[in-house]
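No experiment lies behind these values; they were computed from the predicted model shown.
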Amino acid sequence: MALALCLQVLCSLCGWLSLYISFCHLNKHRSYEWSCRLVTFTHGVLSIGLSAYIGFIDGPWPFTHPGSPNTPLQVHVLCLTLGYFIFDLGCIWRFAWRKSIKKYHAWRSRRSEERQLKHNGHLKIH
């Protein structure tokens with residue numbers, strides 16, 4: 001059972017990665033981050049549609065049957081979303097984390113330059 005779930009999550013991750021690569025090839029004039037945002041938008045639309053279908057049509061209704069066992073469709077949507085979250089974690093590492101590190105280093109270098117300035121605005125000579 002656990003192996004099957006891991007395989008579903010891995011297949012979901014491969015699906016999101018292939019969608020990202022497809023968007024990158026189709027939109028070469030755009031940045032890689034833009035393609036990542038397209039995948040995010042696709043996940044949002046897909047997850048809202050599937051969740052609405054599960055909640056309103058397929059059932060069970062979550063307000064009358066809270067804590068009931070998960071249906072196979074709910075498990076598939078969960079694996080699809082978990083694969084996306086792993087993909088998104090990679091995007092965060094690739095785009096946002098590197099930008100924040102650059103901003104941090106720029107802030108530190110600016111602070112060290114400010115420390116070197118005397119009160120009258122001239123650089124200290126060590």
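A heavy-atom distance below 4.5 Å is not found between the side chains of H43 and L80. Annotation: side chain of V9 is not in contact with side chain of L5 (no heavy-atom distance under 4.5 Å). Side-chain contact between Y53 and L73: present, with at least one pair of heavy atoms (C-beta onward) separated by less than 4.5 Å. Between D58 and Q74 the shortest side-chain heavy-atom distance does not fall below 4.5 Å. You'll find the side chain of L89 stays beyond 4.5 Å of the side chain of W93, heavy atoms only. Using a 4.5 Å heavy-atom threshold, the side chains of Y32 and Y20 count as touching.
Note that CG of N27 and OG of S35 are 5.5 Å apart. Values are rounded to the nearest 0.5 Å. With rounding to the nearest 0.5 Å, the separation of CG in L3 from CG in L10 is 10.5 Å. Atom CH2 in W16 sits 11.5 Å away from atom SG in C36 (nearest 0.5 Å). Distance CG/L78 to OG/S12: 10.0 Å, rounded to 0.5 Å. Atoms CG and NE2, on L50 and H76 in that order, are 11.5 Å from each other to the nearest 0.5 Å. Rounding to the nearest 0.5 Å gives a distance of 11.5 Å between CG of L38 and CD of E33.
I57 and I48 end up in different hydrophobic clusters when Ile, Leu, Val, Met, Phe, Trp and Tyr side chains are linked at under 4.5 Å.
For T40 and Y84, the side-chain atoms include at least one donor-acceptor pair closer than 3.5 Å.
A cation-pi arrangement is absent between R37 and W34 under the rule of less than 6.0 angstrom and at most 45 degrees off the ring axis.
The side-chain contact (heavy atoms from CB on, under 4.5 Å) test with F87 singles out one residue from L82, L17, I92, L19, and that residue is L17.
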